[in-house]
Amino acid sequence: MAAFPERLDLYGQALARWLHERGPLRLIERMPGNIGDALIWRGTGDLFERHGIAAERIVHRQALDGPHPHTTLVIPGSGALTRLWHEWLPELIERAAAQYRQVVVLASDYDPDVPAVARALALPNVWAIARQPLSYAAIRPFGRAVLMPDPALWCRRFHQDSPSTPAAAAEPLLLALRTDRGSCLADLHLRPDPQRNRDLSRVSPDLDAFLDAIDAASHVVTDRLHVAVSAVMLGKQLSWVDPYDRKISAYLGFAFDASQRLRCAPLTIDELLQRGWLVPNRKSTRLNS
């Protein structure tokens, strides 16, 4: 297997050729999402610039502004086609498929057991790209599925030759566990210790602050995919806890090479408890007493 930079470049070239055959293109460059999604949007823009992929840039509200029978709509990667989050994107894809020549969803996670997701993926002019093998296996029966790395990996900041944070200045540990409905802790009546935890995808004011916080740490502990991705790309030690769909493990195994994965180790909920990083969720306890 090619080393990571060469492999990433090969995928970028292949995507550029593939999309060129489907042009002209309209790229949604912003849509509903958190700071982790903003990393995808920036990486997608950097990928398109690096490989000369020409596209009209729009926001998601402009996607359905009229018929575009000769144009392909490109939707950036997202978690909005999964069991927990599918409120609006499947409908947008269905409506766009009636207005565009083709709709291409860049590398995302998918739960086609959700009827709305399955309906969108079943449309004959919709192409879905998966960012990890579990999602690819799930959407492959629809017949227009592709597997490739997440465009977030092309974010220009990850490839700059800038000095890393000096060891003396680095935070020894960044605990960045999620505190929204995607957390796997709620059913266990647990939550991250609020005195130690920073859910960066919710509290960071912008993407640069999000990346700065990760870059300032030497060891990152998280159950958020794009915190984990950023930790690997910025050269940090990573400990991760898989969410319900095991997507972090699947993603890391596909996207990164052996040398990068040497800095990564999985954690269990029991290990988080033993380290004192979790506390009882008293609100959940009261509701269930």
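At most 12 non-hydrogen atoms from other residues, nucleotides or ligands lie less than 6.0 angstrom from CZ of Arg61. Under a cut-off of 6.0 angstrom, the local environment of CZ in Arg101 is crowded, with over 12 non-hydrogen atoms contributed by other residues, nucleotides or ligands. Applying the 6.0 Å contact sphere to CG of Asp187 captures no more than 12 heavy atoms from other residues, nucleotides or ligands. Summarising the local packing, CZ of Arg57 is surrounded by more than 12 heavy atoms from other residues, nucleotides or ligands at distances under 6.0 Å. Counting heavy-atom neighbours within 6.0 Å of Glu91 CD, excluding the residue itself, gives a total of 12 or less.
Not one N or O on the side chain of Asp223 forms a donor-acceptor pair closer than 3.5 Å with the backbone of Val241. With Arg30 contributing its side chain and Val59 its backbone, the two residues share no donor-acceptor pair below 3.5 Å. Looking at Asp150, its side chain never comes within 3.5 Å of a backbone N or O of Leu153 through a donor-acceptor pair. Side-chain atoms of His60 do not come within 3.5 Å of backbone N or O of Leu89 as any donor-acceptor pair. At least one donor-acceptor pair closer than 3.5 Å links the side chain of His86 to the backbone N or O of Thr82. A donor-acceptor pair under 3.5 Å is absent between the side-chain atoms of Tyr110 and the main chain of Ala128, judged by distance alone. Remark: side-chain polar atoms of Glu49 are not paired, donor with acceptor, to backbone N or O of Asp46 under 3.5 angstrom. One N or O on the side chain of Asp111 and one on the backbone of Arg83 form a donor-acceptor pair closer than 3.5 Å. Between the Asn34 side chain and the Ser201 main chain, no donor and acceptor come within less than 3.5 Å of each other. Looking only at distances, no side-chain donor or acceptor of Arg196 sits under 3.5 Å from a matching main-chain atom of Pro194.
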Please step through side-chain contact (heavy atoms from CB on, under 4.5 Å) for the pair Asn281 and Leu185, ending with a clear verdict.
CA-CA 9 Å; Asn281 188 342; Leu185 301 173; over 6 Å; no
Dump the intermediate steps for side chain to side chain donor-acceptor pair (under 3.5 Å) on Gln13 and Asp9, then the final yes or no.
CA-CA 6 Å; Gln13 292 177 33; Asp9 196 53; 2.7 Å; yes
Let me see the working for Leu106 and Ile40 under side-chain contact (heavy atoms from CB on, under 4.5 Å), right down to the final yes or no.
CA-CA 10 Å; Leu106 294 181; Ile40 299 171; over 6 Å; no
Let me see the working for Asn125 and Tyr100 under side-chain contact (heavy atoms from CB on, under 4.5 Å), right down to the final yes or no.
CA-CA 9 Å; Asn125 62 337; Tyr100 289 83; 5.6 Å; no
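Remark: Asp65 pairs with Arg26 by the salt bridge (charged side-chain N to carboxylate O under 4.0 Å, His left out) rule, at least two apart or across chains. Under the salt bridge (charged side-chain N to carboxylate O under 4.0 Å, His left out) criterion, Asp180 pairs with Arg178, Arg224, not counting sequence neighbours. With sequence neighbours left out, the salt bridge (charged side-chain N to carboxylate O under 4.0 Å, His left out) criterion links Arg119 to Glu94.
Remark: the Thr179 side chain and the Arg202 side chain contain an N/O donor-acceptor pair separated by less than 3.5 Å. Thr268 and Asp270 share no side-chain donor-acceptor pair at under 3.5 Å.
Interatomic distance, CZ of Phe210 versus NE2 of His226, reported as 8.5 Å (0.5 Å rounding).
Salt-bridge formation is detected for the pair Asp215/Lys236: a Lys NZ or Arg NE/NH1/NH2 atom is positioned less than 4.0 Å from an Asp or Glu carboxylate oxygen. No salt bridge links Lys247 with Asp242; every basic N to acidic carboxylate O contact stays at or beyond 4.0 Å. We find that Asp208 and Arg42 are joined by a salt bridge, their nearest charged nitrogen and carboxylate oxygen being less than 4.0 Å apart.
Shortest non-hydrogen contact noted between Ser249 and Trp240 is OG-NE1, 3.1 Å. For Thr222 against Ala176, the heavy-atom pair with the smallest separation is OG1-O, 2.6 Å. Scanning both residues, Gln132 and Phe254, for their nearest heavy atoms gives CA-CD2, 4.5 Å.
Side-chain contact between Arg131 and Leu225 is present, with at least one heavy-atom pair separated by less than 4.5 Å.
Considering Leu175, Asp193, Leu177 in turn, Leu177 is the only one that fulfils the side-chain contact (heavy atoms from CB on, under 4.5 Å) rule with Leu278. Residue Leu190 is tested with Leu273, Leu272, Val279 for a side-chain contact (heavy atoms from CB on, under 4.5 Å); the sole match is Leu273.
For the pair Arg22 and Trp18, the cation-pi criterion (under 6.0 Å, within 45° of the ring axis) is fulfilled. Judged by the 6.0 Å distance and 45° axis criteria, Arg17 is not positioned over the aromatic ring of Tyr11.
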